[in-house]
2 protein chains.
Amino acid sequence: MKRPTFNDFKRKALQKPEVKKEYVTLTATYSLRKQLIENRLKAGLTQEELAKILHTKKSNISRLESVNSKISPKLSTIEEYAKAVGCKLEIHFVPHKN
Amino acid sequence: MKRPTFNDFKRKALQKPEVKKEYVTLTATYSLRKQLIENRLKAGLTQEELAKILHTKKSNISRLESVNSKISPKLSTIEEYAKAVGCKLEIHFVPHKN
DNA sequence: ACAAATGTTATCAAATTTGATACCCTGGTC
DNA sequence: GACCAGGGTATCAAATTTGATAACATTTGT
């Protein structure tokens, strides 16, 4: 019997409905922040350089990317960010299994 | 030689950079509205029923789904809508070709 | 045609995000 | 140590979205 992995733990935990509920909302925003940063770096830009492109300030970019940020950005904000780092934003409604 | 189709026209038009630029931003929001409505219907809900689930009013749902709506909704608004119709929201940064 | 259900639009106050400014922190370099 | 680049945080006014209400329009069913 192999030792339980993190994925095992995750799969188990997600059985609990209250955990699953949190997980769904968490991943969406978390994955977004990750993609923001990831694609800015991929474009070789600092927060300040990106800010200039978007005609705003670096502090605002930082707020957007911040993990502990309590704000839910507007769709247009994310869209402009994406365009500035050479990406296209795709949004999908994926039906829940169960 | 077959008659030019709409897709032919579309492909041709998208060669023009200024058209392409508009297209990119248009499709993102347009495709969103379509998915909102499509998935609400798929869930068998009226705007009023969905409004009740989200603790709001049907007029607000209509505004969200409205094609000529000038507003760019918050991400959390779309996320809650998705959850209410039994979906998970997925957001992807897709690198531009070229 | 009528009534009921569903969807749309306008408007206002309340809530939230955004832009700008200022300031702090860390790592690296001199 | 002093300096700089890059990033983070707090705060305020300005801009925008959201919720609620009311009235109007459209579709559906009988």
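Note: hydrogens, waters and symmetry copies are ignored here, and every other heavy atom, side chains too, is used. To find a chain, count down the sequence lines: A is the first, B the second, and so on, and within it residues start at 1.
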Undergrad: Return the polar atom pairs (N/O with N/O) between nucleotides 20-24 of chain D and the protein under 3.5 Å, or none.
TA:
{"from": "dA20(D)", "atom 1": "N7", "to": "Asn60(B)", "atom 2": "OD1", "distance (Å)": "3.3"}
{"from": "dT21(D)", "atom 1": "O4", "to": "Ser59(B)", "atom 2": "OG", "distance (Å)": "2.7"}

Undergrad: What heavy-atom pair brings Pro73(A) and Arg33(A) nearest, and what distance separates the two atoms?
TA: CD-NH1, 4.3 Å
Undergrad: Between atom CD1 of Ile78(B) and atom CG of Leu75(A), what is the distance when rounded to the nearest 0.5 Å?
TA: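 Ile78(B) CD1 to Leu75(A) CG: 4.5 Å, rounded to 0.5 Å.
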Undergrad: Enumerate all atom pairs, one protein N or O and one N or O from nucleotides 28-30 of chain C, separated by less than 3.5 Å.
TA:
none

Undergrad: Measure all distances between protein nitrogen or oxygen atoms and nitrogen or oxygen atoms of nucleotides 15-17 of chain D, and list the pairs falling under 3.5 Å.
TA:
{"from": "dT16(D)", "atom 1": "O3'", "to": "Lys74(A)", "atom 2": "NZ", "distance (Å)": "3.2"}
{"from": "dT17(D)", "atom 1": "OP1", "to": "Ser72(B)", "atom 2": "N", "distance (Å)": "2.5"}

Undergrad: Could you check whether Lys88(B) pairs with Glu90(B) (Lys NZ or Arg NE/NH1/NH2 to Asp/Glu carboxylate O, under 4.0 Å)?
TA: yes
Undergrad: Could you state the interatomic distance from NZ (Lys42(A)) to SG (Cys87(A)), rounded to the nearest 0.5 Å?
TA: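 These two atoms lie 7.0 Å from each other.
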Undergrad: In terms of hydrophobic clusters joined by side-chain contacts under 4.5 Å, are Leu45(B) and Ile37(B) together?
TA: no
Undergrad: For dG7(C), does either OP1 or OP2 sit under 4.0 Å from a side-chain N or O belonging to Ser62(B)?
TA: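 Checking Ser62(B) against dG7(C): no side-chain N or O falls below 4.0 Å of OP1 or OP2.
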Undergrad: List the atom of Ser72(A), the atom of Ser76(B), and the distance in Å for their closest heavy-atom pair.
TA: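 Answer, listing the atom of Ser72(A) first, then Ser76(B): OG-N, 2.7 Å.
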Undergrad: Is the shortest distance from a Lys or Arg side-chain nitrogen in Glu65(A) or Arg40(A) to a carboxylate oxygen in the other one below 4.0 Å?
TA: yes
Undergrad: Looking at side-chain heavy atoms only, is the closest gap between Leu89(A) and Val94(B) below 4.5 Å?
TA: no
Undergrad: Tell me the closest heavy-atom pair linking Val85(A) and Asn39(A), and the distance in Å.
TA: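 The pair with the smallest heavy-atom distance is CB-O, 3.7 Å.
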Undergrad: Is it the case that Tyr81(B) and Gln35(B) place a side-chain donor and acceptor less than 3.5 Å from each other?
TA: no
Undergrad: Look at Glu48(B) together with Lys52(B) and state whether they make a salt bridge at an N to O cut-off of under 4.0 Å.
TA: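 So Glu48(B) does not pair with Lys52(B) through a salt bridge.
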Undergrad: Counting only non-hydrogen atoms, which of residues 38-53 of chain B are less than 4.0 Å from DNA chain C?
TA: Arg40(B), Thr46(B), Gln47(B)
Undergrad: To the closest 0.5 Å, what do you measure between OG1 (Thr56(B)) and CG (Leu50(B))?
TA: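 It is 9.5 Å, given to the nearest 0.5 Å.
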Undergrad: Nearest heavy-atom pair of Ala51(A) and Lys57(A): which atoms, and what distance?
TA: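 Taking Ala51(A) first and Lys57(A) second, the nearest heavy atoms are CB-C, 3.4 Å.
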Undergrad: Could you give the angle between the helix axes at the two ends of the helix from dA1(C)-dT30(D) to dC30(C)-dG1(D), with five pairs per end, rounded to 10 degrees?
TA: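 The two end axes of the helix from dA1(C)-dT30(D) to dC30(C)-dG1(D) meet at 40°.
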Undergrad: Look at Glu79(A) together with Lys83(A) and state whether they make a salt bridge at an N to O cut-off of under 4.0 Å.
TA: no
Undergrad: List, with names and distances, any nitrogen or oxygen atoms from the protein found under 3.5 Å away from nitrogen or oxygen atoms belonging to nucleotides 27-30 of chain D.
TA:
none

